[in-house]
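One structure is given below, encoded as structure tokens.
Values below: every heavy atom of this structure, side chains too, minus hydrogens, waters and symmetry copies. Sequence positions, counted from 1, serve as the residue numbers for this chain.
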Amino acid sequence: MRILLVNPNVSVSITQRLAQVARGVAAPGTEITAVTAPRGVPYISCRAEAQLAGAVVLEMLAEHGAGHDAALIGAFGDPGLWAARELFDLPVVGMAEASMHMAAMLGQRFSIVTFAPALGHWYRDCVEASGLACRLAAIRSLTASFGSVDMVAEEKAEALVRLCEVTVREDDADVVVLAGAPLAGLAGQIAHRVPVPLVEQVAAGIGQAEMLVRLATARGASLRRPAPKTSQGLPPALASRIAHADA
């Protein structure tokens, strides 16, 4: 099995972090290919940046998707997820959607804990889009500034543990999702210090991608590939996909 891990931001170090975690949790025989957005922002933290990143996700899937059995969008807000499912034939998984559905199977109410306040509004949109708003206990974020986004997991680990404890105590969360690509892998390091299950976003995404491939799940009627159309100014691989020239 081959899974394409698409990082929609331009931080190569975050791609490497995501890939390391993905390879550590993947089943034997699963191969992970990780690619980084060619343009964009170091980390996506708002709706506007997510819209831009979603278009880049489609471009990367068109360019790198051939030969892969599934794809994982390596940003917690899942930019471009449903558009990708509509345009491409392989299963496409989002870390946020996968993590929230896993959390919903582990408890009645879950909280999302992250490292930057700006992420909260975008993440709330993702919860509502997933149909799990009634299961959300809270979205909690650190408020203090941080140094490098590449090292925020290490820099803020202690503060994030305390924030997890706060949402369990004050919001009655049964499960906590540690959210944001720069925090990939941290859940596994601090889970023993959090009094409820702590969901690792990459593990949830890879596990769901592998399962969808094994089930050979067909796309639903609402996700049929759009009719062919000409385009202007798009990268060749994406233009070819839109025009059905790759068929």
H64 versus T33, side-chain donor and acceptor atoms under 3.5 Å: no
Basic-acidic side-chain contact under 4.0 Å: D89, R241: yes
Atom of M102, atom of V199 and distance for their closest heavy-atom approach: SD-CG1, 4.0 Å
Note, D150 side chain near I14 side chain (heavy atom, < 4.5 Å): yes
M100 side chain near I112 side chain, heavy-atom distance below 4.5 Å: yes
Atom pair CG (D174) and CG (L106), whose distance is rounded to the nearest 0.5 Å: 10.0 Å
Over all atoms of both residues, closest heavy-atom pair of A181 and G74: CB-O, 3.5 Å
Qualifying residue for side chain to side chain contact (heavy atoms under 4.5 Å, CB included) with V113, from V166, L178, V161, L198: L178
Side chain to side chain contact (heavy atoms under 4.5 Å, CB included) between Q16 and V12, intermediate numbers included: CA-CA 6 Å; Q16 294 170 341; V12 175; 3.8 Å; yes
Side-chain donor/acceptor of R23 to backbone N/O of I32, under 3.5 Å: yes
CD (Q20) with more than 12 external heavy atoms under 6.0 Å: no
Candidate pair L238 and L87, rule side chain to side chain contact (heavy atoms under 4.5 Å, CB included), full reasoning: CA-CA 10 Å; L238 183 57; L87 192 58; 3.7 Å; yes
R39: side-chain hydrogen bond (donor to acceptor under 3.5 Å, both in side chains) partners, not counting sequence neighbours: E59
Heavy-atom closest pair, residues L61 and A84: CD1-CB, 3.5 Å
Joint cluster assignment, V10 & V56, ILVMFWY side-chain distance < 4.5 Å: no
Nearest-0.5 Å distance that lies between atom CG in L186 and atom CD in E200: 8.5 Å
Exercise: identify the closest heavy-atom pair between A184 and V202: CB-CG2, 3.8 Å
Residues, nucleotides or ligands: over 12 heavy atoms within 6.0 Å of M1 CE: yes
side-chain hydrogen bond (donor to acceptor under 3.5 Å, both in side chains) partners of E158, counting only residues at least two apart: R193
Whether R2 side chain and E31 backbone form a donor-acceptor pair below 3.5 Å: no
Hphob cluster co-occupancy, L52 + W82, side-chain heavy atoms under 4.5 angstrom: no
Separation of L81 CG from I73 CD1 (nearest 0.5 Å): 5.0 Å
Enclosure of Q51 CD (heavy-atom neighbours >12, cutoff 6.0 Å): no
Test item: S11 side-chain N/O and P42 main-chain N/O as donor-acceptor pair under 3.5 Å: yes
Taking every non-hydrogen atom, the tightest pair across N9 and T36: O-CG2, 3.3 Å
Any donor-acceptor pair under 3.5 Å from S141 side chain to A116 backbone: yes
Side-chain donor/acceptor of D171 to backbone N/O of A137, under 3.5 Å: no
Nearest-0.5 Å distance, CE of residue M95 to CG of residue D78: 7.5 Å
Heavy-atom side-chain contact between R17 and P182 under 4.5 Å: no
OG-CG distance between S13 and L18, expressed to the nearest 0.5 angstrom: 9.5 Å
Between CG on residue L136 and OG on residue S130, distance to nearest 0.5 Å: 9.0 Å
Residues forming a ring-ring contact (aromatic ring centres under 6.0 Å, His included) with F110, sequence neighbours excluded: none
Minimum-distance pair of heavy atoms, taken over all atoms of V176 and C164: CG1-SG, 3.8 Å
Flag, side chain of R135 to backbone of A104, donor-acceptor distance under 3.5 Å: yes
Expected output: side-chain E165 to main-chain P195 donor-acceptor under 3.5 Å: no
Side chain to side chain contact (heavy atoms under 4.5 Å, CB included) between F88 and L58, worked out: CA-CA 9 Å; F88 298 95; L58 299 183; 4.1 Å; yes
Candidate pair F76 and V177, rule side chain to side chain contact (heavy atoms under 4.5 Å, CB included), full reasoning: CA-CA 10 Å; F76 190 81; V177 177; 3.7 Å; yes
